Amino acid sequence: MPDRLLGAVSYHYGVFPPQNLRYETLLDPATETAAAISRYDQMLAAMHNSEILLAPLRNQEAVVSSRMEGTISTLDEVLRIEAEGDAGQDEAFRLARSEAVETFLYARAMQRIQREIEAGVPLSEHLIRTAHQILLSWGRGATKSPGAYKTEQNYIGERRRQAVSFVPISPEALPLGMQSLVGFIREAPLNRLLKTAIAHVEFEALHPFKDGNGRIGRMLITLMLWTSGLIRQPHFYVSSYFERHRDDYIDMMRRVSSHGEWTEWCVFFLDGLRDQAERNITVAERIFRLYDEMKLRFRDELKSEWAIEALDFMFANPSFKNSRFTGHDRIPAHVAASMTRKLREVGILSQIEAGAGRRPAIYGFKPLIDIIRHEAEEG
């Protein structure tokens, strides 16, 4: 055995799905976690425009989830790409660092899969590969077989020490492994939270792609919570907890394969979801309070019948090209232009990038960006 494989844990062939869960140990954590997620979901359901208000948190999740895999980018970089919109995105990609593009593509992949599921496409291998194809569609990722399963054995470990800590399933066994995982997700008669916990650790152990497995695996958590009916919209972001407890997260997953500790993993996972639900409630409350405050502020500052349309645009697009705003289909262009001038004067909008020639300026909705940045930096 090569030195770098000494002490490495290998995939748990033949023991998925687990048959030895200790349900008496899991009852209280599952009940408490379900209650916390329900409180979060009910709060969102009671709010007007929760989709618009919380969509920006996809960017925060993208930054944190990508950071866990060593892709370091800032929220400002991601927002600058977001501001370009579809029409100018190729140019934005060329101008941005590849790390920032990779992070942006995480949010783009999540949006695409959300639309597919809303159109009636079931959670499937096809959707998982589609998400991966989008995630790795640009820059460094484009050379790592986007959308295709691995064909060579991959390893998990520390590159600096060249030490392997985990050997995922072999490429030869992967097709059956993925088929079993998706079948489990769609058909297993198991508590929805426990099913999500088990599916996540199994996906990470399969490690089906050459790169990007962690980000797709964490995306799958939100999608499972949503498609199982535990949340009404795919706005539940979990990467912050796993980043704060990164060493435990990795160790608990390895111990599933090395010691069969499926129950212990489930307890850890449920604790993480409960903690994150409570944090998500706090963040959502801050965003909703900001919306109410800004509703009054926009009316006072703009004195316009289109003030709320402008506010909703800026919550949905916390960074934007001025041409996108002045092209708003419900606000006259000259009114929108005067709005951006006024909001800049009073410090609500900040200039992310100055206009030059035919290139319009990019503005940021500072109060909302400050909330998202704080959460991304806190992790």
Side-chain angles (χ1 to χ4, degrees), residues 44-45 47-59 62 75-76 78-93 95 104-105 107-120 134 232-235 287-288 290-369 371-372:
L44 297 193
M47 298 294 177
H48 171 65
N49 267 351
S50 63
E51 167 75 24
I52 288 177
L53 300 187
L54 289 183
L57 289 185
R58 283 196 192 96
N59 289 323
L75 180 65
D76 288 342
V78 177
L79 289 174
R80 189 174 289 112
I81 299 172
E82 182 86 28
E84 292 289 347
D86 292 334
Q89 223 151 73
D90 285 346
E91 181 181 359
F93 284 4
L95 294 174
F104 167 81
L105 289 172
R108 175 53 55 88
M110 187 67 176
Q111 289 174 304
R112 167 67 181 278
I113 300 308
Q114 178 181 352
R115 290 196 300 270
E116 294 277 356
I117 290 173
E118 287 173 338
I134 296 168
R232 281 168 255 207
Q233 289 292 326
H235 293 307
I287 292 175
F288 294 139
L290 176 65
Y291 185 84
D292 287 339
E293 293 167 6
M294 287 293 114
K295 194 157 52 174
L296 299 175
R297 184 91 185 271
F298 269 51
R299 284 172 177 162
D300 290 344
E301 299 288 358
L302 299 177
K303 296 179 175 60
S304 169
E305 62 184 289
W306 294 287
I308 300 305
E309 281 84 355
L311 179 65
D312 285 350
F313 175 90
M314 290 174 194
F315 263 89
N317 305 274
S319 62
F320 59 91
K321 286 195 297 188
N322 195 34
S323 57
R324 286 184 68 196
F325 182 53
T326 56
H328 194 295
D329 59 3
R330 296 187 63 183
I331 305 175
H334 71 282
V335 175
S338 68
M339 285 177 167
T340 54
R341 286 195 298 271
K342 179 62 177 178
L343 294 173
R344 280 196 66 198
E345 289 172 4
V346 298
I348 292 176
L349 288 183
S350 59
Q351 184 171 273
I352 294 176
E353 189 173 294
R358 299 178 64 183
R359 184 175 178 82
I362 296 178
Y363 295 123
F365 182 37
K366 189 175 184 303
L368 181 56
I369 290 174
I371 291 176
I372 304 168

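From a predicted model like this one, the values you see are computed outputs, not experimental measurements.
Remark: E293 CD to L290 CG distance equals 6.0 Å, nearest 0.5 Å. Summarising the geometry, atom CD1 belonging to I369 is positioned 11.0 Å from atom CE belonging to M314; distances are rounded to the nearest 0.5 Å. Here CD1 of I371 is found 11.0 Å from NZ of K366. Values are rounded to the nearest 0.5 Å. Put simply, NZ on K303 and CD on E301 are 6.5 Å apart, with the number rounded to the nearest 0.5 Å. From N322, atom CG reaches atom CD of Q351 across 9.5 Å, with rounding to the nearest 0.5 Å. Here CG of L368 is found 12.5 Å from CD1 of I348. Values are rounded to the nearest 0.5 Å.
The aromatic ring centroids of F325 and Y363 lie 6.0 Å or more from each other.
Side-chain atoms of L311 and R297, non-hydrogen and from C-beta on, never get closer than 4.5 Å to each other. Side-chain contact check for L44 versus R232: every heavy-atom pair is 4.5 Å or farther apart.
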- Test M339 against L349 for side-chain contact (heavy atoms from CB on, under 4.5 Å), laying out the working first. CA-CA 10 Å; M339 285 177 167; L349 288 183; over 6 Å; no
- Task: Verify side-chain contact (heavy atoms from CB on, under 4.5 Å) between F320 and I352, making sure each step is shown before the conclusion.
- Result: CA-CA 9 Å; F320 59 91; I352 294 176; over 6 Å; no
- Message: Could you go through I308 and R299, starting from their C-alpha distance and side-chain angles, then the distance that decides it, and tell me whether this counts as side-chain contact (heavy atoms from CB on, under 4.5 Å)?
- Response: CA-CA 8 Å; I308 300 305; R299 284 172 177 162; 3.8 Å; yes
- Item | Candidate pair F298 and L343, rule side-chain contact (heavy atoms from CB on, under 4.5 Å), full reasoning | CA-CA 8 Å; F298 269 51; L343 294 173; 3.9 Å; yes
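Taking all atoms of both residues into account, the shortest heavy-atom contact from S304 to V335 is OG-CG1, 4.2 Å. Considering every non-hydrogen atom in both L302 and A310, the closest pair reads CD1-CB, 4.5 Å.
Using a 4.0 Å cut-off between charged nitrogen and carboxylate oxygen, R341 and E345 do not count as a salt-bridge pair.
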